[in-house]
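Below: the structure, in structure tokens.
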2 protein chains.
Amino acid sequence: MTAARSRDRATWGTVREELRARGMRWTPQRRQILQVLAATDGHITGSELLERCRKLDPATTPSTVYRTLDVLEELGVIRHSHGLDGREEFHVQPVAEHGHLVCSSCGASREIDAAQAAPIARAFRRTHDFDIFLDHLTLAGRCAACRAAQAG
Amino acid sequence: MTAARSRDRATWGTVREELRARGMRWTPQRRQILQVLAATDGHITGSELLERCRKLDPATTPSTVYRTLDVLEELGVIRHSHGLDGREEFHVQPVAEHGHLVCSSCGASREIDAAQAAPIARAFRRTHDFDIFLDHLTLAGRCAACRAAQAG
DNA sequence: CGCCTTACTGCAACTCGTCGCAGTTGCATC
DNA sequence: GATGCAACTGCGACGAGTTGCAGTAAGGCG
């Protein structure tokens, strides 16, 4: 089991209190989902999470997993963006707002951090009077390697 | 029936020849799907298209509609991007590469044209060595009106 | 410790979209 | 106009994700 680099243990521990503070409940199912998320680095889709939960407990049901993801997103514990196919991908680390750059050819993915995106966000604010949510952003394109491979 | 401003009639008419040129066939089902698309301005999802086709012919089946959309995209007749929920949205007008700006609060949508996006594309080319496909781009955010309404 | 409220779970049914397969039919050729 | 190939259609089953509902259980309170 690779250790969770995403959030440190203490931070995951606060989820229980955050739930309680909102009148929500700490259940075995939620505890298990959190456990799987804590062991996840980077991104995970709903169905991947469901699958991993089922390895620990085959009785896990889809609706509970998807509803828990919604709750955790409301708490700010996770966030989602969309992959190239439009599928939701959840980020386990809300450490910093960031977007994604995904290559349509090879599927390689890189992050865009807030600093890099700032000039772009400013541009849209100025030209379109529009605030961009970087978190939700996935840009499709072609990476350098695929460009070289395809077009010489 | 609002006239199709998207492509002029002549352009739609070439689809049949484009299909034939690739060894593909002109079928009543495809003819009807094209007819519905020709009467569509802007964007449409697969299920919306299916629904409209069923109004003309209740026997229309999902697989034919979705497969035809793929074919038409291959021909360059339509293109898709993803809405905020990740659902595919097809653009009927391939007149110009463009992206979208969608407000998470009110759903309002604006287009980003190639000229506006050019500096951004250049930036990613330079900093990440990555070519962005503007067509596929949908930026989530908050429009001026919603910002004003929510945050004074 | 037991009660009570209500958030939560699990089920079943549903939507959207995809895929393999068998039967159909466009269309090129004779 | 008939023939034959293979692209296409429609079917049925499936996977991902959502929702309403009835039953379960978290956890606050006495």
Side-chain angles (χ1 to χ4, degrees), chain A residues 15-37 43-75 77-90, chain B residues 15-37 43-75 77-90:
Chain A
V15 174
R16 179 172 184 173
E17 277 66 51
E18 290 169 37
L19 284 169
R20 289 253 282 272
R22 297 190 176 212
M24 293 168 157
R25 288 171 192 174
W26 182 247
T27 67
Q29 293 85 346
R30 288 182 177 173
R31 214 181 61 73
Q32 206 197 52
I33 290 166
L34 257 314
Q35 189 183 321
V36 172
L37 285 175
H43 315 112
I44 190 171
T45 64
S47 58
E48 281 165 2
L49 178 58
L50 174 58
E51 198 184 344
R52 293 187 200 173
C53 285
R54 285 225 229 246
K55 270 187 195 148
L56 297 184
D57 175 7
T60 312
T61 57
S63 45
T64 299
V65 170
Y66 289 110
R67 282 191 283 228
T68 300
L69 284 170
D70 289 346
V71 167
L72 293 177
E73 189 158 19
E74 236 181 276
L75 292 187
V77 176
I78 57 176
R79 269 167 223 251
H80 82 270
S81 58
H82 296 275
L84 281 192
D85 58 357
R87 196 87 63 74
E88 281 185 339
E89 295 192 336
F90 293 88
Chain B
V15 174
R16 180 174 183 172
E17 277 66 51
E18 291 169 35
L19 284 169
R20 288 252 283 272
R22 297 191 175 211
M24 294 170 156
R25 289 172 189 171
W26 182 247
T27 66
Q29 293 85 347
R30 288 182 177 172
R31 214 182 61 72
Q32 206 196 53
I33 289 166
L34 257 315
Q35 189 182 320
V36 173
L37 286 175
H43 315 111
I44 189 171
T45 65
S47 59
E48 280 165 1
L49 178 58
L50 174 59
E51 197 185 344
R52 292 187 201 174
C53 286
R54 285 226 228 246
K55 272 187 194 151
L56 297 183
D57 175 7
T60 312
T61 57
S63 43
T64 298
V65 171
Y66 289 111
R67 282 190 284 227
T68 300
L69 284 170
D70 289 346
V71 167
L72 293 177
E73 189 158 19
E74 236 180 277
L75 292 187
V77 177
I78 57 175
R79 270 165 221 252
H80 83 269
S81 59
H82 296 275
L84 281 191
D85 57 358
R87 197 85 64 76
E88 280 184 339
E89 295 192 336
F90 293 88

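Chain identifiers are assigned alphabetically (A, B, ...) following the order of the sequence lines, protein sequences preceding nucleic acid strands; residue numbering begins at 1 within each chain.
Spacing between atom CG of A:L49 and atom P of D:dG17 amounts to 10 Å, rounded to whole angstrom units. The NE2 atom of A:H82 sits 17 Å away from the P atom of D:dA16 (whole-angstrom rounding). Here the P atom of nucleotide C:dT18 and the CZ atom of A:R87 are 11 Å apart, to the nearest Å. Separating the CD atom of B:E88 from the P atom of D:dG17 is a distance of 15 Å, rounded to the nearest angstrom. In this structure, CG of B:L69 is placed 12 Å from P of D:dT9, rounded to the nearest angstrom. Atom C1' of nucleotide C:dG17 and atom CZ of B:R54 are separated by 13 Å, given to the nearest angstrom. The CD atom of B:E48 sits 14 Å away from the C1' atom of C:dT15 (whole-angstrom rounding). The distance from atom CG of A:D70 to atom P of C:dC8 is 12 Å, rounded to the nearest whole Å.
A donor-acceptor pair is defined here as one N or O able to donate and one able to accept, closer than 3.5 Å; such a pair exists between the side chain of B:H82 and the backbone of A:L84.
Open room surrounds CZ on B:R31; 12 or fewer heavy atoms of other groups in view lie less than 6.0 Å from it.
How far CG of B:L37 is from SG of B:C53: 7.5 Å, rounded to the nearest 0.5 Å. Between B:Y66 atom OH and B:S47 atom OG the span is 5.0 Å, to the nearest 0.5 Å. To the nearest 0.5 Å, atom CG of residue A:L72 and atom CZ of residue A:R67 are 14.0 Å apart. Here B:H80 contributes atom NE2 and B:E89 contributes atom CD; the two are 10.5 Å apart, rounded to the nearest 0.5 Å. Expressed to the nearest 0.5 Å, how far CZ of B:R79 lies from CZ of B:F90 amounts to 12.5 Å.
Contacts of A:R67 with the nucleic acid, taken as non-hydrogen atoms under 4.0 Å apart, include base atoms.
A side chain to side chain contact (heavy atoms under 4.5 Å, CB included) with B:T64 is found for one member of B:Q32, B:Q29, B:R30 and no other, namely B:Q29.
Residues from residues 57-66 of chain A that place a heavy atom under 4.0 Å from any atom of DNA chain D, listed by number: A:S63, A:Y66. Annotation: proximity of residues 22-31 of chain A to DNA chain D (heavy atom, distance under 4.0 Å) is found for A:R25, A:W26, A:P28, numbered in ascending order.
Under the 4.5 Å side-chain criterion, counting only non-hydrogen atoms from C-beta, B:E88 is not in contact with B:S81.
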